[in-house]
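First the structure, in the form of structure tokens, and then the observations on it.
Source: prediction; values computed, not measured.
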Amino acid sequence: MLKFDWNILWIIINLIIFYVLMRVFLFKPIKKVLDARKEMIDKQFKDADDAQAQAQQLKDEYQAQLDSVAEEKKQIIVDARAEAKAEYNKIVDRAEHDADKIKAEAKRVADYETEKAKREAKEQIAALAMETAEKVLGESACAQIDSDLYDKFLNESSDNK
């Protein structure tokens, strides 16, 4: 028959007690530590995701600022070109106006000098005509006749013009 050994019973009781003690003093603290580490890791992942989302948001903001700066730069260049063109046109117009003034003044001076030269030529021609007439006549006519001939010659020269 079977013989019952009390040792086996004590071993089983010891194992059960050992299991309960292990479960209470070892498995629960280990489970708490593992849960705490899992929570910590989950929190770190969440923080990393939040940081990545914040970094993406900052990147988007900086990109938007860069785009606006680039657009502003283009607008500044367009405005500067428009101002430069307007200033160029203003300078060219002023130069053309000044050139027209200079041309008009030069024409006026040239006309004056031409008239002056014509008058001097007429006077010289009249004087030569008088000298020639004196030589032909052999003597000098009276001053009144000379003056009348001179004025008549000048008037005829002016009318032929």
Side-chain angles (χ1 to χ4, degrees), residues 22-161:
M22 292 263 291
R23 185 173 171 110
V24 170
F25 293 112
L26 183 65
F27 293 142
K28 280 188 182 179
I30 288 176
K31 186 164 175 33
K32 281 183 186 177
V33 169
L34 290 176
D35 289 342
R37 289 192 85 190
K38 184 177 186 282
E39 286 178 22
M40 183 179 70
I41 290 170
D42 289 342
K43 185 178 181 274
Q44 286 177 345
F45 276 126
K46 184 181 176 281
D47 291 344
D49 289 341
D50 291 345
Q52 187 176 10
Q54 186 178 9
Q56 184 64 37
Q57 180 183 4
L58 286 174
K59 180 185 171 199
D60 293 342
E61 288 175 11
Y62 291 143
Q63 188 62 42
Q65 287 177 352
L66 285 175
D67 292 342
S68 69
V69 166
E71 189 63 35
E72 185 177 341
K73 178 182 82 169
K74 287 178 186 176
Q75 187 61 39
I76 288 171
I77 290 172
V78 167
D79 292 346
R81 283 185 180 156
E83 286 179 24
K85 185 167 180 123
E87 188 66 25
Y88 169 79
N89 290 336
K90 189 174 170 184
I91 290 170
V92 168
D93 290 344
R94 193 176 326 136
E96 287 175 355
H97 178 67
D98 291 346
D100 290 343
K101 276 182 162 178
I102 291 170
K103 284 179 187 177
E105 181 65 22
K107 184 172 179 0
R108 188 185 63 77
V109 168
D111 290 344
Y112 173 76
E113 290 296 325
T114 303
E115 286 299 318
K116 183 179 172 185
K118 283 181 183 178
R119 258 185 282 128
E120 288 175 0
K122 286 180 186 178
E123 288 173 4
Q124 286 177 356
I125 290 172
L128 285 174
M130 291 299 287
E131 284 179 25
T132 306
E134 283 178 9
K135 286 183 183 178
V136 168
L137 293 174
E139 61 186 59
S140 177
C142 72
Q144 181 62 34
I145 294 172
D146 289 345
S147 177
D148 289 341
L149 285 174
Y150 182 75
D151 288 339
K152 183 179 176 185
F153 177 75
L154 288 178
N155 287 336
E156 287 176 5
S157 297
S158 296
D159 291 340
N160 289 339
K161 183 181 173 184

Atom [atom1] of [X] and atom [atom2] of [Y]: how far apart are they, to the nearest 0.5 Å?
X      : Y      : atom1 : atom2 : answer
Ile102 : His97  : CD1   : NE2   : 10.5 Å
Ile30  : Met22  : CD1   : CE    : 8.0 Å
Glu39  : Lys32  : CD    : NZ    : 12.5 Å
Ile125 : Glu120 : CD1   : CD    : 12.0 Å
Asp42  : Asp47  : CG    : CG    : 11.0 Å
Glu105 : Tyr112 : CD    : OH    : 12.5 Å

Could you tell me if the side chain of [Y] sits less than 4.5 Å from the side chain of [X], heavy atoms only?
X      : Y      : value
Lys73  : Ile77  : yes
Tyr62  : Gln65  : yes
Thr114 : Lys118 : yes

Open item on the list: Any carboxylate oxygen within less than 4.0 angstrom of a Lys/Arg side-chain nitrogen, looking at Asp98 and Arg94?
Closed with: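 No, this pair does not count.
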Open item on the list: Any salt bridge linking Lys107 with Asp111? Criterion: basic side-chain nitrogen under 4.0 Å from a carboxylate oxygen.
Closed with: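 Here Lys107 pairs with Asp111 in a salt bridge, since their nearest N and O are under 4.0 Å apart.
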Open item on the list: Are there over 12 heavy-atom neighbours, none belonging to Glu113, within less than 6.0 Å of that residue's CD?
Closed with: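 For Glu113, atom CD is crowded (more than 12 foreign heavy atoms under 6.0 Å).
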Task: Heavy-atom neighbours of Glu61 CD exceed 12 at 6.0 Å - done: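 Correct, the count exceeds 12.
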Task: Exercise: do Gln54 and Asp50 side chains pair donor with acceptor under 3.5 Å - done: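 The answer is no; no qualifying pair exists.
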